Structures are given as C-alpha cells and as structure tokens.
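Before any comments, here is the structure.
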There are 2 protein chains.
Amino acid sequence: MSTVDEVETLVTGAMLRGELEPGAWLRQDELARRFGVSKIPVREALQRLAAFGLLRFEANRGAVIPRLTADDAEEIYALRRSIEPQLLKRALPKLSIVDLAEAELALRSGDLVPTEANWSFHRALYQSSGWDRGLRIVELLHAAVAPYVILYTEGLGSAPRSDAEHADILDACRHSDPNAVTMLLRHLDGASNALERFLRDHPSSS
Amino acid sequence: MSTVDEVETLVTGAMLRGELEPGAWLRQDELARRFGVSKIPVREALQRLAAFGLLRFEANRGAVIPRLTADDAEEIYALRRSIEPQLLKRALPKLSIVDLAEAELALRSGDLVPTEANWSFHRALYQSSGWDRGLRIVELLHAAVAPYVILYTEGLGSAPRSDAEHADILDACRHSDPNAVTMLLRHLDGASNALERFLRDHPSSS
DNA sequence: CTGTTCAGTATAGTATACGATTATTCGAAT
DNA sequence: ATTCGAATAATCGTATACTATACTGAACAG
C-alpha cells in the first residue's frame with residue numbers, strides 16, 4: 001500500500017467520523033507532519049478526494065471541506081438511491097457469512113461514530129457485488145454527507161429509526177429476500193428527507 | 001485554472017479521443033516534458049483520474065490504462081443508465097438555446113473523434129441539470145469506455161444507428177418531451193449491448 | 001475613529017534532486 | 001542457440017528547496 005493510499009484512507013476515515021467540519025481548511029504541512037511524510041503524497045491523496053468533490057482546491061489557498069446546500073444533499077441522495085439498490089441487488093445472491101457478520105458487527109458496535117458504523121454496514125452488504133467503481137463512488141458519497149449527518153444526529157444518540165431499518169434489511173439479506181432492496185430504498189428516502197430538512201432549517205453560513 | 005487542472009483536462013481529452021490505448025503505460029516524465037511542467041502536477045492529475053478508475057497506479061511501475069472486461073463494461077453502463085436519465089430529466093425543463101445548439105453542433109461535427117463528439121452531445125443535454133457530481137462521474141465513465149468504443153466503431157464510420165438515436169433524442173429535447181428520457185435509456189441499452197458483445201468476442205489479452 | 005497601504009509571515013504550488021524499484025541489455029555458461 | 005545473472009539504464013515515489021500568492025497586523029492618512 002503506497003503512502004498516498006494510506007493518507008487517503010486516513011483522511012477519508014476522518015471525514016466519515018466527522019472529524020473534519022465543513023468549511024475547514026486542510027493544512028498540507030500539518031497533515032504531512034501528522035502522518036510523518038512530506039507534502040507530496042498528502043497533496044496527491046487530497047487530489048484523489050477532490051476528484052469526487054469530497055474537498056475542493058482553491059487556487060493558492062489550499063483544500064477546503066465544502067459546505068453542503070440542501071440541493072447538494074438532494075443530488076447526493078439521488079445518486080445513492082440510484083446506485084446502492086443495484087449494488088445490493090447484485091450482492092444479494094452472493095452474500096457470504098463474512099459479509100453478514102460484518103454487517104451485524106457494524107450494527108452492534110455502539111462505540112463507533114454513527115456515520116462510520118453506517119458506512120461499515122452498507123459496505124458489508126455491497127462489497128460482494130463485484131462493482132468496485134460503484135462501491136467507491138458510494139463510499140465517497142457517504143463521506144460527503146457524514147459531517148452533516150453527525151450534526152443532525154448528535155444529541156439524538158444514534159437514531160433508533162435508522163437502526164431498526166438496518167436490522168430489518170439485514171434480516172431480509174440473511175434470507176436472500178429481494179425485498180431487502182426496496183427496504184433499502186425506503187431507508188435511503190428517510191435519511192434523505194431528514195438531511196434535507198436539516199439543511200433547509202440550518203442553512204450553513206457560507 | 002491550475003496546472004493540475006490543465007493536465008487533467010489534456011489527459012481526459014486524450015482518453016476520450018482514444019489516444020491512450022488500454023494497457024498503455026503513462027510515462028510521467030514524458031507527459032511532463034510534453035506539457036512543459038514537472039512531474040508533480042502530472043502525478044496529481046493522474047491521481048485524480050485514478051480515483052475514478054480511469055487509470056490505475058501500480059506500485060513502482062506507474063500508471064496504466066486498465067483493460068476492460070465485459071463485466072467492467074456491464075458495471076459502467078449500469079451506472080450510466082442509473083445516472084444519465086436522471087441528469088436529463090432534471091435538465092429537460094431548464095434546457096437553454098445554448099445547450100441545444102451545443103448538442104446539435106456535436107452531432108454535426110463529423111471531424112471530431114466519435115467518442116469525443118458523443119460526450120459533447122450528452123454533456124450538452126445534461127449540463128443544465130445542476131448536478132455537478134453526477135455530471136463529473138458520467139464524464140469519467142464515458143472516458144473509461146472510450147478506448148473500446150473507438151475500437152469497435154472504427155471501420156464502421158461513426159455508427160449511423162447511434163447518430164439517428166441522438167437526433168431523435170435532441171428532437172424530443174427541443175420540445176421538452178419527457179419521452180426523451182426513455183429514448184435515452186434505450187440508446188444506452190443499445191450502446192451497452194454493442195460494447196459487451198464486442199468485449200466478449202474480443203477478450204483483451206490481459 | 002475608520003480606512004488604507006505596506007511590510008512580514010504563512011501557506012500553497014511547482015521544480016529539482018535523489019534513493020529505491022523495476023526493466024533491459026549483454027556476456028558467459030550450459 | 002538458449003538461458004541465466006549481473007551490470008546498466010529507465011522510471012517511479014518522495015523529500016527537500018524555492019517561488020509565488022494570499023493572509024495579518026501595524027503604521028499612517030483622512
């Protein structure tokens with residue numbers, strides 16, 4: 001695994017855990033020091049993430065985590081709803097014991113940040129689809145909304161509604177029940193509505 | 001526009017025009033010399049493209065244009081069929097004179113490489129959707145299949161079937177006819193089948 | 001007191017340099 | 001003639017170094 005890969009993993013993880021707030025500037029020297037490398041691999045990793053809009057390079061000002069508008073959230077969830085059900089549909093007949101165990105583990109791990117646990121759960125169910133591009137796109141869509149999902153769930157203590165839906169989906173997956181796909185769609189609808197409502201009520205100060 | 005952006009545009013364009021064959025190695029020094037810059041911005045641009053799977057970095061061997069399997073093509077077209085109709089649907093009521101003119105221009109420009117003209121046409125119809133992430137994802141999916149589309153259309157002289165479908169779609173768009181969306185879907189189905197058949201008949205030597 | 005100019009500082013962006021890894025060449029041995 | 005291996009060349013990946021741009025704050029003018 002190259003240095004660039006490692007830095008990318010670390011930064012993506014930080015985003016999924018909500019450690020990088022919207023509007024925050026990523027100081028290249030600081031990241032380089034923190035990871036014990038030079039700026040070069042740091043910049044290359046950031047460019048990868050910028051390719052997906054996970055952060056934005058502004059000329060001579062560096063990389064910033066963009067603030068999302070309600071429209072952004074609408075787009076991101078539209079993309080997720082387009083792609084994720086297909087990933088699940090393809091993975092459903094191929095789901096292994098390991099996949100199911102990982103999904104269950106993600107559900108039980110109360111210590112994880114909810115957004116990271118959420119992605120672990122979804123990834124476990126998708127990873128056997130064999131569609132690497134789609135999986136990667138979806139991961140970064142998750143990371144893009146993570147900072148906001150954390151904002152609106154904090155205080156709620158790991159949304160019980162979402163947890164229940166996850167459990168239901170996992171149950172259906174255990175029986176290779178194709179209803180899992182429509183349940184996933186409804187689950188995404190709920191998440192989408194919640195986030196869009198939050199963003200309209202709390203417009204990020206530019 | 002930063003140096004990295006320029007290099008990225010040049011390399012993406014080269015891919016869309018099919019100037020970079022599958023399996024080809026991208027020599028960083030050579031690209032740097034060709035563009036009159038150092039390796040650093042070249043590598044950063046390549047990392048952006050690698051993020052989408054448009055090329056792959058192999059440890060200590062550099063960046064290579066991956067060969068597609070029929071499964072890859074299936075995934076790519078599944079993603080395109082998921083995303084592009086939505087882009088068109090959203091753009092349809094907002095299509096401007098300029099968008100339509102650009103689309104028509106792309107149809108008429110017989111001198112362009114077919115894959116580049118094809119993307120010009122589609123982009124013209126999608127760009128008013130306001131969904132930048134989706135647009136970007138779709139562009140790179142186009143670029144990913146371009147080398148193969150060129151292979152199987154060469155000799156055929158700009159597939160007349162596809163051209164006719166484009167003309168029909170454009171016509172529907174002019175009247176804001178929502179049928180344009182289903183026509184687009186069928187168009188993608190046709191392209192998908194053609195490419196998958198080609199790849200199964202001509203499996204790329206690893 | 002407010003606005004503006006002008007150093008000084010911090011940071012980004014790119015070029016150069018160099019060790020590390022991989023590919024290639026060429027001669028020797030079978 | 002073919003294969004093996006060591007020396008050479010080519011290329012990558014990253015660190016260091018330099019330049020350019022943007023931010024900060026103090027001195028000054030209005």
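Labels below follow one simple rule: chain letters A, B, ... track the order of the sequence lines, proteins then strands, and each chain is numbered from 1. As the structure is a computational prediction, the values presented were derived from the model and not from experiment.
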Rounded distance (Å) that lies between atom [atom2] of [N] and atom [atom1] of [X]:
{"X": "Phe57(A)", "N": "dG13(C)", "atom1": "CZ", "atom2": "P", "value": "6 Å"}
{"X": "Asp29(B)", "N": "dT14(D)", "atom1": "CG", "atom2": "P", "value": "15 Å"}
{"X": "Phe35(A)", "N": "dA15(D)", "atom1": "CZ", "atom2": "C1'", "value": "17 Å"}
{"X": "Leu46(B)", "N": "dT11(D)", "atom1": "CG", "atom2": "P", "value": "15 Å"}
{"X": "Arg56(B)", "N": "dG13(D)", "atom1": "CZ", "atom2": "P", "value": "13 Å"}
{"X": "Arg33(B)", "N": "dA15(C)", "atom1": "CZ", "atom2": "P", "value": "14 Å"}
{"X": "Arg48(B)", "N": "dG13(C)", "atom1": "CZ", "atom2": "P", "value": "10 Å"}
{"X": "Trp25(B)", "N": "dT24(C)", "atom1": "CH2", "atom2": "P", "value": "11 Å"}

Is the phosphate of [N], meaning OP1 or OP2, less than 4.0 Å from a side-chain N or O of [X]?
{"X": "Arg61(B)", "N": "dT11(D)", "value": "no"}
{"X": "Gln28(A)", "N": "dT11(C)", "value": "no"}
{"X": "Thr3(B)", "N": "dT14(C)", "value": "yes"}

* To do: Identify, between Gly36(B) and Arg27(A), the residue whose nearest nucleotide on DNA chain C lies closer to the 5' end.
  =>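 Result: Arg27(A).
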
* **Closest-nucleotide 5' rank along DNA chain D - winner of Val37(A) and Ala59(A)** =>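 Its nearest nucleotide being more 5', the pick is Val37(A).
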
* **Pairwise 5' ranking along DNA chain D for Lys39(A) and Asn60(A), keeping only the more 5' one** =>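 Closer to the 5' end of DNA chain D: Lys39(A).
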
* Could you tell me how the ring of Tyr152(A) sits relative to the ring of Phe198(A): parallel (under 30°), tilted (30 to 60°) or perpendicular (over 60°)? =>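 Correct class here is tilted.
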
* Verify side-chain contact (heavy atoms from CB on, under 4.5 Å) between Thr9(A) and Met1(A), making sure each step is shown before the conclusion. => CA-CA 11 Å; Thr9(A) 304; Met1(A) 202 181 198; 3.5 Å; yes

* Have a look at Glu30(B) and say if it touches a base, only the backbone sugar-phosphate, or nothing, with a 4.0 Å heavy-atom cut-off. =>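 Touches nothing.
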
* Which is true for Glu58(A) with a 4.0 Å heavy-atom rule: it touches a base, it touches only sugar-phosphate, or it touches nothing? ->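 Counting heavy atoms under 4.0 Å across all strands, the contact made by Glu58(A) is with sugar-phosphate only.
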
* **Heavy-atom check, side chain of Glu84(B) versus side chain of His142(B), under 4.5 Å** =>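 Yes, close enough: below the 4.5 Å cut-off.
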
* Quick one: are Arg67(A) and Tyr148(A) in side-chain contact, heavy atoms under 4.5 Å? ->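 The answer is yes; the side chains approach within 4.5 Å.
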
* What's the closest nucleotide to the Arg43(A) side chain, out of dG13(C), dA12(C), dA15(C)? ->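 The answer is dG13(C).
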
* To do: For the pair Glu30(B) and Arg27(B), find out whether any cationic side-chain nitrogen is under 4.0 Å from an anionic carboxylate oxygen.
  =>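 Not counted as a salt bridge, because no side-chain N and carboxylate O are separated by less than 4.0 Å.
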
